[in-house]
Amino acid sequence: MKKTIALWAALTAVALLVTGCTVEEPAAAAAPTPAKTSTPAAEHKAPEAPGAATAAAYRKWGLKPFAAPPAPPAVKPVVRAAGGPVPVISEIPTREKIVFITIDDGAEKDPEFVRMMKDLKVPVTMFLTDSSIRADYGYFEPLLAQGNGLANHTLTHPNLRTLSQEGQHREICGQQTKLKQRYGTTPRLFRPPYGNWNEATRAAAGECGLDAIVLWRESMQIKNMQYQRGDRKLHPGDIILAHFRGPSELKGRTMTEMTATMLRKIQEQGFTVARLEDYV
């Protein structure tokens, strides 16, 4: 028995030498550490990762954060030539996977939409009509303070093609003056109601100091996007039309629900949202 134990011990020692394993020595005693005082549980919480606040803000609205848009071009791709006609655009020439959101009229004034835009920080351009916003001009002030764009959509929302050039001039220039007085900013962009315009519209827009007439490629309806192209897809640089609408026009849905649906459809196609004024 003693011979067997001795033989086993010898074989074990040889195996340890062959494999490079060694028997560990007892660890040295660790230096004493200061006693910890009790700390509220909140102070032990791991710091949030970068972007966690943004992700939380988006989750509040049932969304995922957008990818950051590319840096704006050094030279804007749409520029009105000195003395030239006002350009009419439905899209921005770009290869970047970006689209632009525009919101018309101003009749619906949902305070939740203001909070939504503050949380999401998605840039939009607001084409406002005086007859729609005059009941509460102040509603749009926080949206403008967030950096969203201010644009002209006439005084009373007429079909401009039914008006003389003088009548169109009054509608367009009158709204330029109103918006400047109310918000301290003179709009650079104009959208004709219903998308209806003619050369008299273009001439009046130029006389009123506007840089572009902005139409659209897609429009957001209650639950679906309406496309002008047969492939029913977003394309780089597309301008999207939406409206300040509430449950009475959206079959019970709120403006924030409509907006969330629109944003999901943009994301599903791999696009992000850029600021229109950076390109025009």
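Everything numeric here is computed off the predicted structure, so don't read it as measured data.
- A donor-acceptor contact closer than 3.5 angstrom links the side chains of Ser219 and Gln221.
- Between Lys76 and Asp278, no side-chain nitrogen of the basic residue sits less than 4.0 Å from a carboxylate oxygen of the acidic one, so the salt-bridge criterion is not met.
- Using a cutoff of 4.0 Å between basic side-chain nitrogens and carboxylate oxygens, Asp211 and Arg188 are scored as salt-bridged.
- Two residues are said to be in side-chain contact when any heavy atoms from C-beta on lie closer than 4.5 Å; Trp216 and Ile240 fail this criterion.
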Q: Verify side-chain contact (heavy atoms from CB on, under 4.5 Å) between Lys121 and Gln146, making sure each step is shown before the conclusion.
A: CA-CA 8 Å; Lys121 297 178 175 58; Gln146 293 165 13; over 6 Å; no
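- Asn159 and Thr162 share no donor-acceptor pair across their side chains, judged by distance under 3.5 Å alone.
- By the side chain to side chain contact (heavy atoms under 4.5 Å, CB included) test, Gln267 is found to be paired with Lys64, Phe66, residues two or more places apart in sequence or in another chain being considered.
- At a cut-off of 3.5 Å, with distance as the only test, no side-chain donor of Arg275 or Thr125 sits close to an acceptor on the other residue.
- Taking both residues in full, the closest heavy atoms of Thr129 and Leu155 are given as CG2-O, 3.5 Å, listed atom of the first, atom of the second, then distance.
- Between Gln176 and Asn152, the side chains place a donor N or O and an acceptor N or O closer than 3.5 Å (distance only, hydrogens not considered).
- The distance between the ring centers of Tyr139 and Phe113 does not fall below 6.0 angstrom.
- For the residue pair Glu112 and Thr256, no side-chain donor N or O sits within less than 3.5 Å of a side-chain acceptor on the partner.
- Scanning both residues, Asn148 and Val124, for their nearest heavy atoms gives OD1-N, 3.1 Å.
- No close placement of the Phe190 and His153 rings is indicated, their centers lying 6.0 Å or farther apart.
- Of all the heavy atoms in Thr272 and Pro69, the pair that sits closest is CG2-CA, 3.8 Å.
- Residue pairs meeting the salt bridge (charged side-chain N to carboxylate O under 4.0 Å, His left out) criterion with at least one member in residues 84-97, sequence neighbours excluded: Glu91-Arg217, Glu91-Arg229.
- Side chains of Asp238 and Tyr227: a donor-acceptor N/O pair is absent below 3.5 angstrom, by distance only.
- The residue from Leu250, Thr254, Ile103 that alone fulfils the side chain to side chain contact (heavy atoms under 4.5 Å, CB included) condition with Arg245 is Leu250.
- Minimum heavy-atom separation, Pro123 to Ile101: O-CB, 4.2 Å.
- Closest of all the heavy-atom pairs between Leu163 and Pro158 is CD1-CG, 3.8 Å.
- Between Glu268 and Lys265 no salt bridge is recorded (no basic side-chain N to carboxylate O distance below 4.0 Å).
- Residue Ala212 comes nearest to Val86 through the heavy atom pair CA-CG1, 3.4 Å, listed as atom of the first residue, atom of the second, then distance.
- A donor-acceptor distance shorter than 3.5 angstrom exists from the side chain of Arg80 to the backbone of Gly84, with no hydrogens or angles considered.
- Contact annotation: the side chain of Ile98 approaches that of Tyr279 to within less than 4.5 Å [non-hydrogen atoms, C-beta and beyond].
- A cation-pi arrangement is found for Arg191 relative to Phe127, the charged atom lying closer than 6.0 Å to the ring centre and inside a 45° cone about the ring normal.
- You'll find the side chain of Lys109 stays beyond 4.5 Å of the side chain of Phe244, heavy atoms only.
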